[in-house]
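Inspection log for the structure reproduced underneath, given as structure tokens.
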Amino acid sequence: MPAPVNTFKQALAAGKQQIGCWSSFGEAVTAEVMGTAGFDWLVIDGEHAPNDIRSIRDQLVALATSPTEPVVRVPIGETWIIKQVLDAGAQTVLVPMVETAEQAAELVRACQYPPHGTRGVGATGARASRYGTVTEYIQTADAQICVLLQVENRKGIENLDAILAVEGIDGIFIGPADLSTDMGYQGNSAHPEVRAVIADAIKRIKAAGKAPGILGVTEESITAWNEMGAQFLAVGIDILILSQAARALAAKWKPAE
């Protein structure tokens, strides 16, 4: 039995737009609820959310029966954490703060088994191989791993073309909050200069045959990224969805003082 087909990776390669959302509670039950919403992909956030390898694993389990693809964002681009999330069953990995082609190449290698990569060969007893029941996992896993890298500062933008030339990258995610802050606009991704840089980056990513991705949390920003051609587009964060809806509901029904 081979590794499961990564339909999200297939969709990106085919040029299909994939709509996603952020999962930031760090809880399996919340991820399970989000998995019923109809999103194509859902980020299990290991960078800013209160996650560890056990909570990431539990959320992968919670999404196992959902058509939504779990995208695990690791806290940092280190081979040891990539090894852990892959063995826990992740097939799509998102790595923050990628700045150079050399870094990108090392991250790709971390997602592949030898002789092409550096991933440790220990999945036989791990969740990734369904505890040994996916008998051809090691022989087939590389082809189903989707590698998404975040470019989110000026150095990364300067090296974007070199990063895009690295073989094995499926998509580049532009981090608008980090990029705008690094450009001196303190999270203001709507600034015209920031928008121009993002539009150019998306154009270059598409021209290189890779999938461009980004996150929007307002209707205006989502529309802007969509019009620029973002292919894997996140349209919300679960915590914001809950908090905004709850505040609006309370404001609607509480009597005026």
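None of the values given here were measured: they were computed from a predicted structure. The analysis underlying the following values was restricted to heavy atoms, covering all of them including side chains, and did not include hydrogens, waters or symmetry mates.
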Between [X] and [Y], what is the shortest heavy-atom contact and its length?
X: A141; Y: A3; value: CA-CB, 4.0 Å
X: P75; Y: I81; value: CD-CG1, 3.9 Å
X: A62; Y: A28; value: CB-O, 3.4 Å
X: C21; Y: G236; value: SG-O, 3.2 Å
X: L179; Y: R154; value: CD1-N, 4.2 Å
X: Y137; Y: L86; value: OH-O, 4.1 Å

Going from [atom1] on [X] to [atom2] on [Y], what distance comes out if it is rounded to the nearest 0.5 angstrom?
X: R54; Y: Q59; atom1: CZ; atom2: CD; value: 14.5 Å
X: S180; Y: I198; atom1: OG; atom2: CD1; value: 7.0 Å
X: E152; Y: I214; atom1: CD; atom2: CD1; value: 10.5 Å
X: K16; Y: Q231; atom1: NZ; atom2: CD; value: 11.0 Å
X: S189; Y: E220; atom1: OG; atom2: CD; value: 8.0 Å
X: W22; Y: L42; atom1: CH2; atom2: CG; value: 9.5 Å

Would you call [X] and [Y] a side-chain contact if the rule is heavy atoms closer than 4.5 Å?
X: D87; Y: R119; answer: yes
X: I76; Y: M97; answer: no
X: S221; Y: R195; answer: yes
X: L63; Y: I44; answer: yes
X: E47; Y: L94; answer: no
X: Q18; Y: L12; answer: yes
X: W41; Y: T92; answer: no
X: I205; Y: L164; answer: yes

(message) Can you confirm whether E219 is buried at CD, in the sense that more than 12 heavy atoms of other residues, nucleotides or ligands lie under 6.0 Å from that atom?
(response)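 Open.
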(message) Is it the case that atom NE2 in H116 sees more than 12 heavy atoms from other parts of the structure closer than 6.0 Å?
(response)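 Counting other residues, nucleotides and ligands, NE2 of H116 stays at 12 neighbours or fewer.
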(message) Between D200 and R204, does any side-chain N to carboxylate O distance fall below 4.0 Å?
(response)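 Looking at D200 and R204, the cut-off is met.
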(message) Whether E106 and R109 form a salt bridge (side-chain N of Lys/Arg under 4.0 Å from carboxylate O of Asp/Glu) is what I want to check.
(response)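 Yes, R109 and E106 are salt-bridged.
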(request) Walk me through it: do I82 and C111 pass the test side chain to side chain contact (heavy atoms under 4.5 Å, CB included)? (result) CA-CA 7 Å; I82 292 174; C111 293; 3.8 Å; yes
Starting from [Y], can I reach [X] by hopping between I/L/V/M/F/W/Y residues whose side chains sit under 4.5 Å apart?
X: L148; Y: V235; result: no
X: V71; Y: F173; result: yes
X: V43; Y: I222; result: no
X: L233; Y: I237; result: no
X: V197; Y: L215; result: no

Output yes when a side-chain donor or acceptor of [X] lies under 3.5 Å from a complementary backbone atom of [Y], and no otherwise.
X: N153; Y: D182; value: no
X: D40; Y: I19; value: yes
X: T79; Y: A110; value: no
X: T124; Y: G132; value: no
X: R73; Y: P96; value: no
X: D142; Y: Q112; value: no
X: T140; Y: P2; value: no
X: D170; Y: V147; value: yes
X: S129; Y: V134; value: no
X: Q144; Y: N6; value: yes

(message) Under a 3.5 Å threshold, yes or no: a donor from one side chain and an acceptor from the other, between Q150 and D178?
(response)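 Not at all, the side chains of Q150 and D178 share no donor-acceptor pair under 3.5 Å.
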(request) Could you go through the side chain to side chain contact (heavy atoms under 4.5 Å, CB included) check for Q17 and N226 one step at a time? (result) CA-CA 10 Å; Q17 188 178 56; N226 192 41; 2.8 Å; yes
(request) Go through the steps for T100 and K155 under the test side chain to side chain contact (heavy atoms under 4.5 Å, CB included), then give the verdict. (result) CA-CA 8 Å; T100 67; K155 185 175 180 180; 4.0 Å; yes
(request) Sequence neighbours left out, what passes side-chain hydrogen bond (donor to acceptor under 3.5 Å, both in side chains) with E193? Give chain and number order. (result)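 side-chain hydrogen bond (donor to acceptor under 3.5 Å, both in side chains) list for E193, sorted by chain: Y185.
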(request) Start with the C-alpha gap between I157 and V151, add the side-chain angles, then the distance that decides, and say whether side chain to side chain contact (heavy atoms under 4.5 Å, CB included) holds. (result) CA-CA 7 Å; I157 292 293; V151 171; 3.9 Å; yes
(message) Parallel, tilted or perpendicular, judged at 30° and 60°: which one describes the rings of F8 and F232?
(response)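 Perpendicular.
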